[in-house]
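One structure is given here, and the rest of the page talks about it.
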Amino acid sequence: LPLESLQSGGAGPLYLKLRQSLEEAILSGKLNHGDALPAERDLADYANVSRVTVRKAVDDLVRDGLLVRRHGSGTFVVRPVSRVEQSLSRLTSFTEDMARRGLNTRAEWLERGLFHPSPDEMMTLGLPADALVARLGRLRIADDMPLAIERACVSAEFVPDPLAVTSSLYSALEKSQARPVRAVQRISACNIKNPDATMLGVAVGAAGLSIERVSYLASGRVVEFTRSLYRGDTYDFVAELTIPE
Ligand code: GLP
């Protein structure tokens, strides 16, 4: 970090200069998301400033969300997320949406297997009680940033071997000739509770968007019933509106 020059370079309060150097290091990626900031004393020695100056600079960055203090373990770098703009009128998959933005996706699996459907799932998917459904629950991550928790449910006919779904659900459905062609999506506001908040890396009570998608085959049959929780600090859903004919 170029902190040695703080004393010499230009006018203005030291803590502001320190703040600026740290901010530049975070935004340029010299400090990575999740990196621990050196201890206050070490930082003060290194930059040749007082601990009070360090504390003021760090306080500022915590307030602006570029650093986070974790009780008992230290202060950590937060890479600010750029918001994701998502069209509300196109039926695309998460993997495709992220690929279009040049982001790599991965998932942490929360649930993946065949189950007897819940009454909700039975009704929505139009299945008899003795049918089986594949449940795919994932924390969805783009370029190391957790964005959403998605729990998809599809009839076992379309996904007979859930463990074979390693990345995209829609590409698995495509292979079974069951990629949906139409969907109805419902979005509502919520506050993110634990354990979801921890998984998504947001504060308990942070704003979230809860999204339900029911998607259909051309025949009119329901193929997917997915309940998702998206981070409210990251997503903009955008729809184009036209005047009714
Ligand atoms: C979006 C939708 C989900 C859908 C998923 C498929 O995230 N909200 O309803 O299941 O895309 O994505 P993928 O094919 O990457 O698994």
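Whatever order the structure lists them in is the order used to number ligands and atoms, beginning at 1. The residues of the chain are indexed from 1 along the displayed sequence.
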For atom 13 (P) of ligand 1, which candidate among R151, R140, M98, E96 provides the closest heavy atom? R140
Looking at [X], which atoms of ligand 1 are within less than 4.0 Å of one of its heavy atoms?
{"X": "E224", "answer": "3 (C), 4 (C), 9 (O), 10 (O)"}
{"X": "R138", "answer": "16 (O)"}
{"X": "Y230", "answer": "7 (O), 8 (N)"}
{"X": "T95", "answer": "13 (P), 15 (O)"}

Ligand 1 versus A152: contacting region, heavy-atom distance under 4.0 Å: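 Near ligand 1, A152 shows nothing, with every heavy atom at 4.0 Å or more.
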Would you call F225 a ligand 1 contact, heavy-atom distance under 4.0 Å? no
Measuring from non-hydrogen atoms of Q185 to any atom of ligand 1, is the shortest distance under 4.0 Å? no
For [X], look at atom [atom1] and say whether over 12 heavy atoms of other residues, nucleotides or ligands are found less than 6.0 Å away.
{"X": "E111", "atom1": "CD", "value": "yes"}
{"X": "E85", "atom1": "CD", "value": "no"}
{"X": "R41", "atom1": "CZ", "value": "no"}

For the student: nearest non-hydrogen atoms of [X] and [Y], plus distance:
{"X": "R213", "Y": "T92", "value": "NH1-O, 3.2 Å"}
{"X": "A142", "Y": "L147", "value": "CB-CD1, 3.8 Å"}
{"X": "E121", "Y": "V133", "value": "OE1-CG2, 3.9 Å"}
{"X": "R182", "Y": "L91", "value": "N-CD2, 3.3 Å"}

Is there side-chain contact between S155 and R221, with at least one heavy-atom pair below 4.5 Å?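 Side chain of S155 against side chain of R221, heavy atoms only: contact under 4.5 Å found.
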Can you report which non-hydrogen protein atom sits closest to [atom], along with the distance?
{"atom": "atom 11 (O) of ligand 1", "value": "F94 N, 3.1 Å"}
{"atom": "atom 16 (O) of ligand 1", "value": "L169 N, 2.7 Å"}
{"atom": "atom 14 (O) of ligand 1", "value": "S168 OG, 2.5 Å"}
{"atom": "atom 8 (N) of ligand 1", "value": "E150 OE2, 2.8 Å"}

